[in-house]
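To start, the structure itself, in structure tokens.
In what follows, chains are A, B, ... by sequence order, proteins preceding strands, each numbered from 1.
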Protein chains: 2
Amino acid sequence: MAYAFNHRTKNAPCIGELLSAAFPHFDALIVPFGPGQEVTGEGDPTENFFLVMRGLFRGVKFTCDGRRQVFAFYMPGDLCGLEPEGSHKLTIEAVDCAAMAILPRHACRFRMNDDPELNAALFDGATRALALTIDHMMMVGRSSAEERLAWFLTMLAARSASPNARAVDLAMQRQDIADYLGLTIETVSRTFTLFRDRGLVSLPHKRRVLILRPDALARLAAADRDAEPIGPVRSDEDMEAAVA
Amino acid sequence: MAYAFNHRTKNAPCIGELLSAAFPHFDALIVPFGPGQEVTGEGDPTENFFLVMRGLFRGVKFTCDGRRQVFAFYMPGDLCGLEPEGSHKLTIEAVDCAAMAILPRHACRFRMNDDPELNAALFDGATRALALTIDHMMMVGRSSAEERLAWFLTMLAARSASPNARAVDLAMQRQDIADYLGLTIETVSRTFTLFRDRGLVSLPHKRRVLILRPDALARLAAADRDAEPIGPVRSDEDMEAAVA
DNA sequence: CGGAATGTTGAGACTAGTCAACCATAGTGG
DNA sequence: CCACTATGGTTGACTAGTCTCAACATTCCG
């Protein structure tokens, strides 16, 4: 199905590098997509893997009666299309102006058998994707709206260019956030307002979030995940100092 | 992290056969577990993969404040422990009297590099596991209590020995079902009663469910998944005839 | 400037959660 | 054999958080 995996481990080359090295004419495989454009739809045959080069994509599933669940957001370096042979269960769409490298599966498999390093990286990627769904599931299944949004913002901040950046730009709209978190847009909106009124964040624009109190946000977010919060966590003292 | 994958494709040997063939002293690796006994805990180093031989296991995640999410149930033939290098994020426990084959990771990896078929089967298994989480997530994020339980029963019936069997034995207790579905035990209990009162199921014992109207149950379950319902679906006429 | 799309806010409804009592079953020990 | 207890499951009354529906505000474009 595909889940993000750009969590590059320090000591290993990231999957993107391995893949681009494995394909001789890699640049020719890169295809641009406009906002909302579909990369792969549910039911399409699973012919390729996809590597995000630029922009943001989403993996979505719809129900017959219009409900929607965003299963994952994919950022540059993430691989998606990791679904079992047959047909896709997930629709992959561009969120904004973005680009994907489209990698034929048979060629990937061929190279995997040749190259243990690539093989391990792909397998590791699939297991990382699964690990991400654990927190996502816990969150969707067992958390309040506040915890969900706090988790989402904390995760986005951790994954953004500089993990210490306190400004998060939301490429996706409220509906995407809502469908990712298993909420409605109204609840997402209300919760943003709540966070703002409490001084946890400020919202200079609708699509830009300034995290004023990362500590408090992380505490809320961590309620569902007893383990370490995502990304580097600083002490409360640091946080207070940073805000001051 | 680990998700079930015993969906054996007709034309390929199942992962269990490949693995047992790959390990010369396979039988010696099989370890029995009693109800509630832990196979692997959160934070433990990821040293092994596990193949269910007998009984039922669950993959669970806890929060600091006691909330619990069951991420998956593992049945014989399922592989689990598929988490990225490092430490487990999921606790794996036996639900009843059960047994696991414990397969050292380094040996698996070694054999994967040697054996493209095993490699493909493991990779395919990981992607299948991811695919299962899509429906699970959709369900937990976007469905009513009725839809969730209907989905659960439909899935169990499809996975049980004979997919046409209308009797489903629940090895797990209500709390496990609730935590798998993101509900409370009270809601699960009430929904069972509701189904019984509507004539969809009968409950000869607390742990045994007779599915009287698989069609109606599948329709409820399929509401979240526009695609084909799990398992063989018969026409309404067949169903009515079978019930009559 | 007007219109469409996106986001926010409010009021009320409703589903599922909480808390508490009760029931069923299976052991256990007198 | 029968209390007695422990565990698991059911039911009821009430609460609360989120959804729904509707109005309104904002932003972005042409």
* Beyond-backbone contact of A:L217 with A:R213, side-chain heavy atoms, under 4.5 angstrom -> no
* Are the side chain of A:S143 and the backbone N or O of A:V140 linked by a donor-acceptor pair below 3.5 Å? -> no
Could you list the donor-acceptor pairs under 3.5 angstrom formed by side chains in residues 196-203 of chain A, with sequence neighbours left out?
from, atom 1, to, atom 2, distance (Å)
A:R198, NH1, A:E146, OE1, 3.3
A:R198, NH2, A:E146, OE1, 2.9
A:R198, NH2, A:E146, OE2, 3.3

* **Angle between terminal axes - the helix from C:dC1-D:dG30 to C:dG30-D:dC1, 5 pairs each end, rounded to 10°** => 30°
* Partner residues of A:T91 under the side chain to side chain donor-acceptor pair (under 3.5 Å) criterion, sequence neighbours left out -> none
* To do: Go through residues 170-179 of chain A and report each residue with a non-hydrogen atom lying under 4.0 Å from DNA chain D, sorted by number.
  => none
* Is the backbone of A:T127 close enough, under 3.5 Å, to the side chain of B:E83 for a donor and an acceptor to pair up by distance? -> no
* Does a salt bridge link B:E42 with B:K89, judged by any charged N lying under 4.0 Å from a carboxylate O? -> no
* Listed by chain and number, what are the side-chain contact (heavy atoms from CB on, under 4.5 Å) partners of B:L56, not counting sequence neighbours? -> B:F73, B:M75, B:V95, B:D96, B:A171, B:M172
* Qualifying residues under side chain to side chain donor-acceptor pair (under 3.5 Å), relative to B:R208, sequence neighbours excluded -> B:D169
* To do: On DNA chain D, reading 5' to 3', which nucleotide is the first and which the last to sit with an atom under 4.0 Å from a heavy atom of chain B, could you check?
  => D:dG8 to D:dA13
* Structure fact -> Contacts of B:G182 and A:F192 projected onto DNA chain C by closest heavy atom; the upstream (5') one is A:F192
* Asked: In chain order, what residues pass the ring pair (Phe, Tyr, Trp, His ring centres under 6.0 Å) check against A:F195, with sequence neighbours excluded?
  -> none
* Can you name the residues that form a side chain to side chain donor-acceptor pair (under 3.5 Å) with B:Q175, not counting sequence neighbours? -> B:D179
Strictly under 3.5 Å: I want the nitrogen or oxygen pairs between protein and nucleotides 19-23 of chain C, one per line.
from, atom 1, to, atom 2, distance (Å)
C:dC19, N4, B:E186, OE2, 3.0

* Between A:P204 and A:E146, name the one whose nearest nucleotide on DNA chain D is closer to the 5' end. => A:E146
* **Side-chain donor/acceptor of A:H136 to backbone N/O of A:Y180, under 3.5 Å** => yes
* To do: Can you sort out the partners of B:D176 under side chain to side chain donor-acceptor pair (under 3.5 Å), two or more places apart, ordered by chain and number?
  => B:R58, B:R68
* Structure fact -> Sorted by chain and residue number, the side-chain contact (heavy atoms from CB on, under 4.5 Å) partners of A:A145 (sequence neighbours excluded) come out as A:L183, A:T187, A:T191
* To do: Assign A:L183 to base, sugar-phosphate, or nothing according to its heavy-atom contacts below 4.0 angstrom with the strands shown.
  => sugar-phosphate
